[in-house]
2 protein chains.
Amino acid sequence: MALPDTRTKILDAAEHLFAEHGYRGTSVRAVTDLAGANLAAVGYHFGSKAELLAAVARRVIEPITAAQSAGLDELLARTPDPPVAELVEAFAGPLFDEMPAGSESGARTSQLIVTILSDPAEEARSWTGPDEDTVRERYLAAFARALPGLAPQELLFRMRGIFAVTAVDRVEVYHRPSPACPTVTAGEEARHWAITFLTAAMSAPPTRAPR
Amino acid sequence: MALPDTRTKILDAAEHLFAEHGYRGTSVRAVTDLAGANLAAVGYHFGSKAELLAAVARRVIEPITAAQSAGLDELLARTPDPPVAELVEAFAGPLFDEMPAGSESGARTSQLIVTILSDPAEEARSWTGPDEDTVRERYLAAFARALPGLAPQELLFRMRGIFAVTAVDRVEVYHRPSPACPTVTAGEEARHWAITFLTAAMSAPPTRAPR
DNA sequence: GTTCGATTGAAACGAACGTTTGACTCATGT
DNA sequence: ACATGAGTCAAACGTTCGTTTCAATCGAAC
């Protein structure tokens, strides 16, 4: 096996540290130390810390977007109007699936996505490409057909909810041990729970206009 | 009207900036500049930047916890076993309600909570008190009665989902204008949408054990 | 063997950060 | 009139940060 080159080692280390400590909480020095590389290597291979983040984000998100797109293709090939449950599974599933059975890196991916998505830093906002937009539009259209009568704004709100629930692991308060529920949840079950949770949520009847 | 003292002005400025740029993205100098105070005032009144964050968080979260607790009291006084929808409203409602009709500061509160909850920084994790734990336990018990057959771990997952959906505004990708939905959502409707979304999600039947 | 582009190395740069210091202001109590 | 204490102020401290610089290294092409 060829040992990874410096560029890849830096990407791996950065992915790990960004996921755990966020963009601002991770120094370039910490990345290069963990990668066993020189400090200047980040500047050489990526240009800047912000571009390193973009590279990390792209590497993680690209296969997810591809899986979402392929899942929708498959669904639409079977029926032109897939039910909500299957749309949710096809859309939210890839957000969890990026764990190659080795449980350790599994939670890290979703954690990274959430950390990036919710990072208030300006630099964390420049990674989306046209592919993400395309997938988003296609799912929006599919959900709109499956949920007639739902206002576009509320649909958009609900789709943001899907991302938010993926972020659930970040809410630390509810990870503390509780008298009513002492054991902490594992990673694999969360995927099924999330699908259940989100399918029900997406399927809810439209909110009637207040007033 | 008495103009606010320095301590309050710093709290206000810090709340604003922490909500917008996060803990690490906000410098003490930015806070004191916005507050019109001296740089050393933070050290004098709060001791450190981390303790300032804790003070900000306490000031925002305390009334929410109190409202959640009072809401549950009211519910339980009416019936010993409230339905899920009312539990969701009592629990999630206060997370949105802290907007004094002036829409500008409304989104800020929930944004601040989310920013704090999801901040990877170590210092952002030390603000919860016994009151938050008590309220959490009481709602857990009430939800458990309203949702018989739901495993405690899955219930805990769903309650974290409530927080996550409140965080929905942070997911910037789905705020970008879309061909299918050009207009951006306002703040007040999000509350109703969230209640609808979360009530359906919480009411979902338990996930049957996989395998 | 030499040249050349690509990569790595150690060191330094300037800026920004959180914190501390010590003098100053000023209302209050005696 | 004077002492007191809380509060404010400008200035500086030491550290860490992202980035840059420039020499050293290495493999392949000639």
Side-chain angles (χ1 to χ4, degrees), chain A residues 1-59 112 115-116 119-127, chain B residues 2-59 115-116 119-127:
Chain A
M1 54 171 274
L3 54 149
D5 60 352
T6 302
R7 200 189 133 93
T8 307
K9 284 194 295 181
I10 289 178
L11 277 173
D12 291 339
E15 180 176 323
H16 197 138
L17 293 174
F18 283 152
E20 187 152 3
H21 303 112
Y23 177 71
R24 296 204 125 107
T26 301
S27 69
V28 177
R29 284 169 174 83
V31 172
T32 52
D33 284 356
L34 181 61
N38 188 271
L39 172 59
V42 165
Y44 178 77
H45 285 285
F46 300 96
S48 69
K49 182 188 177 184
E51 291 173 89
L52 169 61
L53 173 66
V56 169
R58 269 195 303 270
R59 194 178 65 156
L112 173 70
T115 305
I116 291 175
D119 199 303
E122 198 71 40
E123 297 92 329
R125 303 268 168 74
S126 51
W127 50 266
Chain B
L3 56 148
D5 58 354
T6 301
R7 199 188 132 92
T8 307
K9 284 194 294 183
I10 289 178
L11 277 173
D12 291 340
E15 180 176 323
H16 198 138
L17 293 174
F18 283 152
E20 187 150 3
H21 303 113
Y23 176 71
R24 298 203 120 109
T26 302
S27 69
V28 177
R29 283 169 175 84
V31 171
T32 52
D33 283 356
L34 182 61
N38 187 271
L39 172 59
V42 165
Y44 180 79
H45 286 286
F46 299 96
S48 69
K49 183 188 178 184
E51 291 173 90
L52 169 61
L53 173 67
V56 169
R58 271 195 302 270
R59 194 177 66 155
T115 306
I116 291 176
D119 199 302
E122 198 71 42
E123 298 91 327
R125 303 268 167 77
S126 52
W127 51 266

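So that the names make sense, note that chain A is the first sequence line, chain B the second, and so on, each numbered from 1.
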Under a 4.0 Å heavy-atom criterion, DNA chain D is touched by chain A from dC17(D) to dT21(D)
Using every non-hydrogen atom in the two residues, find where Ala14(B) and Val56(B) come nearest and quote the distance to one decimal.
CB-CG2, 3.8 Å
Taken to the nearest whole Å, CZ/Arg7(A) to P/dA6(C) is 15 Å
Residues in salt bridge (Lys or Arg N to Asp or Glu O under 4.0 Å) contact with Arg59(B), at least two apart in sequence or another chain
Asp12(B), Glu15(B)
Scan for side-chain hydrogen bond (donor to acceptor under 3.5 Å, both in side chains) pairs involving residues 23-42 of chain A, sequence neighbours excluded, and state none if there are none.
none
Check side chain to side chain contact (heavy atoms under 4.5 Å, CB included) between Ala55(A) and all other residues, then give those that pass, not counting sequence neighbours.
Leu11(A), Phe46(A), Arg58(A)
Hey, does the side chain of Thr6(A) come within less than 4.0 Å of dT7(C)'s phosphate (OP1/OP2), counting only N and O?
no
When the distance from CG of Asn38(A) to P of dG9(C) is rounded to whole Å, what number comes out?
5 Å
Specify the separation, in whole Å, of atom OH of Tyr44(B) and atom P of dG22(C).
17 Å
Got a sec, which pairs hit side-chain hydrogen bond (donor to acceptor under 3.5 Å, both in side chains) with one end in residues 39-48 of chain A, sequence neighbours left out?
Ser48(A)-Glu51(A)
For dT8(C) and His45(A) - does any side-chain N or O of the residue sit under 4.0 Å from the phosphate oxygens OP1/OP2?
yes
Close N or O pairs between protein and nucleotides 15-19 of chain C (under 3.5 Å):
unit_1  : atom_1 : unit_2   : atom_2 : d
dG18(C) : OP1    : Lys49(B) : NZ     : 2.7
dG18(C) : OP2    : Val28(B) : N      : 2.8
dG18(C) : N7     : Arg29(B) : NH1    : 2.8
dG18(C) : O6     : Arg29(B) : NH2    : 2.9
dT19(C) : OP2    : Lys49(B) : N      : 2.9

